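Bear in mind that the values here come from a model prediction, so they are computed numbers and not experimental data.
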Amino acid sequence: MSEPSFPGDRPAEEAAAAQAELAQDVEFVPEPILPEPVRQRITALAAAALPGLPGDEIPVVLRRVARFAPNRRARLGGREIAAQLTSDPLFRQRISGRVVTEAGDLGSAVVAGMAPAAADPVEVAALAYLARPEGWRDLIEGAGEAVRAEADSAAVASQIREAERRAERAEHDRTVARVEADKLRDELARVREELGTLREESRTTAKALREAQAGQKRASDLLATEKGRASRIAADHDAEVRRLKARLAEAEAQAATGKQSAKDARAADDARLWLLIETIGQAASGLRRELALGPSEKLPADFVADAAADRPGSPERSRARAQDTDDPGRLDQLLALPRAHLIVDGYNVTKRGFAEMSLEQQRKRLITGLGGIAAQTGDEITVVFDGAERVHGLPPAPRGVRVLFSRKGDTADELIRQLVRAEPAGRPIVVISSDREVADGVRRHGAYPMGADSLLRRLARS
C-alpha cells in the first residue's frame, strides 16, 4: 500500500473528489467499537500531531484546541478530536500521515497490514485506525482482545491477591482467637480462685454476724438498765434545777440592789473622771504653750497616703463585699467626738447607693456629699478607692476631704488598714465599709466600723 498523499499536493478538484470518495466509504462501512485504551491512544496521537498541520488544514472546530498546551490538549479537546476523526476522513488522513511518519518502522509495518509480535497491541490498533490499511479492523479487534485478556489477567491476579489477603486475615483471626481463648481460660481459673476466697469470707462474715447479733442483745439489755438509771438521774436533776432557780431569784434581788448601788457609785466616778479630764486638758494646754507646739501641717493619714497610695490622676478601681451595722444615729454620735477621723471605703459605698451611675458619677457624688459632712462637722475625712483602673479628669476634692487611690498591686482594704494603724491610740476613727473583713480588721486596731448604709442615709438626710 502506498503512503497516503495530502490534498494540498493536488488540485482542489481532486481533493474534493477524494474527500467525497472517503465520505462514501464511511457511509457504507460503520465505525468499529474501540476499546477504551485504544480510543484514548488515538486521541493522544491526534492531539500531538494537530499543531503540526497547516492552519488551513485544521478544521474550524479544532483550531481553538490546537492552541492548547500539550498536556491539556487531549484532556480538554479529546471529545472534539474524536468526533472530527470519525466524521472527517480527510482530516483523519492528514493526521495519519504525520502519525505514521513519526511512528517509524512500526508505522510502516502497520501501513503494510502487519502487526509486529513485540509491538504494543494498543499502539498497533491506534495506528491502524488512523492509517486504515487493509485488515485494519482485524488489527483493532486483535488489540481489543489483547486488552480484554490483559484486563482479565489483572482481574484474576487481583482476585488471587484478595484471596491471599483473606487467607492471611483468617490465619491472623485464628491466632487472635487462640490467644483470647488462652486468656479466657486464665481468667476462668482466676475467677474460680476468687470464688473460693469469697466463699471463705462469707463463712467468716456469717460467724461475725452471729457474734454481732449476740452482742446487740447484750447491749439492748444494758440499755434498758441505763434508761432506768437515767430516769432516776433526771428526776434528781429536776429537783436540783428547782433549787437553783430559787437561789437565782434571790441572787437577782440582790443584783438589783447592787445595781442601784453601782449606779450611784458610777455617778460619783463620772464626776471624778470629768474633773480629772478637765485637769488633764488644762495641763495639756499649758504644756502645748510651754513646748510651743503648733498645729501640724500633715496628719497621720497624709503619711500613709504618701507611702502607700496614689493621688487622683492615675487611679484604678475594684469592688467590695459584705455588710455591718447601719444605724445613722450611731454615725452622728461618733462624728460628734472631738478630732474624729472618718475613713470611707469608696466603691463599697457607691456601688450600694449609686450602682446605676457610671463610676465617674459615683465618685463625684460621694466626694461632694462627704464635702458637706466635712463642712458640718469639721472632722478629717479620707475616702479610699481601689486603684484597679485608671481614672482621668477627677475634680478637686472639697475642703476637709482627702481622696486616695490604692497603688497597683494593692487594694483599698489594705490601704484602709494602714490608715487606721497610723493613727495614735485613743483618737476616734470611724471606718465606713460593708466588707466584713475590713470591719473585723479595723476593729482590732481600735476603730469603729460602720455599714455603708449608715453613710448613705446620712448623705440622703443632708
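Gln260 pairs by the side chain to side chain donor-acceptor pair (under 3.5 Å) definition with Asp264, not counting sequence neighbours. Legend: residues meeting side chain to side chain donor-acceptor pair (under 3.5 Å) with Glu80, ordered by chain and number and at least two apart, are absent. Residues passing the side chain to side chain donor-acceptor pair (under 3.5 Å) test with Arg458, sequence neighbours excluded: Asp332, Gln376, Ser462.
From Arg98, atom CZ reaches atom CG of Leu130 across 13.5 Å, with rounding to the nearest 0.5 Å. Considering CG of Leu337 and OH of Tyr448, their distance stands at 6.5 Å, rounded to 0.5 Å. Ile343 CD1 to Leu419 CG: the interatomic distance, rounded to the nearest 0.5 Å, is 5.0 Å. With rounding to the nearest 0.5 angstrom, the CG atom of Asp221 is 12.0 Å from the CD atom of Glu226.
The two residues Pro398 and Gly371 have their closest heavy-atom pair at CB-CA, 3.7 Å. Considering all non-hydrogen atoms of both residues, Gly451 and Ile432 come closest at O-CG2, 3.9 Å.
A side-chain donor-acceptor contact under 3.5 Å links Ser231 to the backbone of Lys227. Arg92 places a side-chain N or O within 3.5 Å of a backbone atom of Leu85 that can act as its donor or acceptor partner. Without hydrogens or angle criteria, Thr368 side chain to Lys364 main chain gives a donor-acceptor distance under 3.5 Å. With hydrogens and angles ignored, the 3.5 Å screen pairs no side-chain donor or acceptor of Glu380 with any backbone N or O of His341.
Ion pair Glu194/Arg190 flagged as a salt bridge, since at least one NZ, NE, NH1 or NH2 atom sits closer than 4.0 Å to an Asp/Glu carboxylate oxygen. Using a 4.0 Å cut-off between a side-chain N of Lys or Arg and a carboxylate O of Asp or Glu, Glu168 and Arg165 do not qualify as a salt bridge. Salt bridge present: Glu414 and Arg421 bring a charged side-chain N and a carboxylate O closer than 4.0 Å. Ion pairing between a basic and an acidic side chain is recognised when a charged N comes within 4.0 Å of a carboxylate O; Arg169 and Glu162 show such pairing.
Looking at Tyr347 and Arg363, their side chains do bring a donor and an acceptor atom within 3.5 Å of each other. A donor-acceptor pair shorter than 3.5 Å can be found between the side chains of Glu36 and Gln40.
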